[in-house]
Amino acid sequence: MLVTGLEILKKARAEGYGVGAFNTNNMEFTQAILEAAEEMKSPVILALSEGAMKYGGRALTRMVVALAQEARVPVAVHLDHGSSYESVLKALREGFTSVMIDKSHEDFETNVRETKRVVEAAHAVGVTVEAELGRLAGIEEHVAVDEKDALLTNPEEARIFMERTGADYLAVAIGTSHGAYKGKGRPFIDHPRLERIAALVPAPLVLHGASAVPQALVERFRAAGGEIGEASGIHPEDIKKAIALGIAKINTDTDLRLAFTALVRETLGKNPKEFDPRKYLGPAREAVKEVVKSRMELFGSVGKA
Ligand SMILES: O=C(COP(=O)(O)O)NO
Ligand code: NA
Ligand SMILES: [Zn+2]
């Protein structure tokens, strides 16, 4: 059933488990994520970025909202990294039940003002809001932030920010970054900082840039002809520790993209004569589903629907 992000995340933080927010751009990813959620009896968040909205348009948003309504587990449909008030309004109009307004690259007062404005509009139509304070060290959807300028979330500022904006959940910067290159070796996660934030912010906390980028998947991608450098992601133990400290929503996009693309390359490589899209998109869909199921097991959301 279609529910708000807060309905899913409030329970998750209260009961100490995490819920995956998985990005989708098409039918296959959407099916894979929802099938995994139903099989695992897990709540789930379907996340669409502005790029996904542009790429898929109404075909994507109508499909996602309709399938979420029919799903046998709680599903929120979420705008990932909304960059403007207008973008949020479009998502609200499409029936989304959760929206992120990401003004983390702006100064504090601008972030507060813009977030507050979105909260008023979203709450007026029963939709809950994710905001972000602090900057991920990496390439955000619309801001390239150089590692050294990365500003991790200040706990006291976070408390004030949430009180002034009324946002429902908060994306924090504690060392993660988007994409496949999250830092050398095992990326640094500032768990003590997260603990201080969680003590001051009772709202569910969100971890962006949470993909594991597992070496086995990177190898499979390379073996199928993919090219990728020294890739590394967030260690499973660091995810579990973050959940125990208050992270309730965990954003996963890169792992799904790697799995899907590795399988498409692999299937096409093995069958040069094949030109039925179902024959190479189907196995790729299954690979995404397996990644989603394993993430749900790691997050502890299995059986929580
Ligand atoms: O934060 C993410 C995804 O992060 P990854 O690149 O680590 O999957 N989306 O908003
Ligand atoms: Na988000
Ligand atoms: Zn993100």
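Counting starts at 1 for both ligands and their atoms, in listed order. All values derive from a computational prediction rather than experimental measurement. Values below: all heavy atoms of this structure, side chains included; hydrogens, waters and symmetry mates excluded.
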Legend entry - Salt-bridge criterion met for Glu219 and Arg222 (N-O under 4.0 Å): yes
Legend entry - Closest approach of any protein heavy atom to atom 2 (C) of ligand 1, naming residue and atom: His178 CD2, 3.3 Å
Legend entry - Atom nearest to the Na ion (ligand 2) - Asp80, N, O or S atoms considered: OD1
Inset, instruction - List the closest protein heavy-atom neighbour of atom 6 (O) of ligand 1: residue, atom name, distance to the nearest 0.1 Å. - result: Thr254 OG1, 2.7 Å
Inset, instruction - Let me know which of Phe29, Phe221, Tyr280 forms a ring-ring contact (aromatic ring centres under 6.0 Å, His included) with Phe260. - result: Phe29
Legend entry - Donor on one side chain, acceptor on other, Asp168 and His123, under 3.5 Å: yes
Inset, instruction - Under 4.0 Å, heavy atoms only, figure out whether ligand 1 is touched by the backbone of Thr252, its side chain, both or neither. - result: backbone
Inset, instruction - Check whether any heavy atom of Lys182 sits under 4.0 Å from an atom of ligand 1. - result: yes
Legend entry - Side chain, backbone, both or neither: the part of Ala210 lying under 4.0 Å from ligand 1 by heavy atom: backbone
Legend entry - Sidechain N-carboxylate O distance under 4.0 Å for Lys241, Glu237: no
Legend entry - Angle subtended at the Zn ion (ligand 3) by ND1 of His208 and NE2 of His178, nearest 10°: 130°
Inset, instruction - In plain terms, say whether Arg58 and Glu94 are close enough for a salt bridge, that is, a side-chain N and a carboxylate O under 4.0 Å apart. - result: yes
Inset, instruction - From atom 4 (O) of ligand 1, work out which of Gly209, Gly233, Ala21 has a heavy atom at the shortest distance. - result: Gly209
Legend entry - Donor-acceptor side-chain pairing of Thr267 and Glu274 below 3.5 angstrom: no
Legend entry - Cluster link Met27 to Val75, ILVMFWY, side chain under 4.5 Å: yes
Inset, instruction - Output yes if His81 passes the N/O/S-under-3.0 Å test against the Na ion (ligand 2); output no otherwise. - result: no
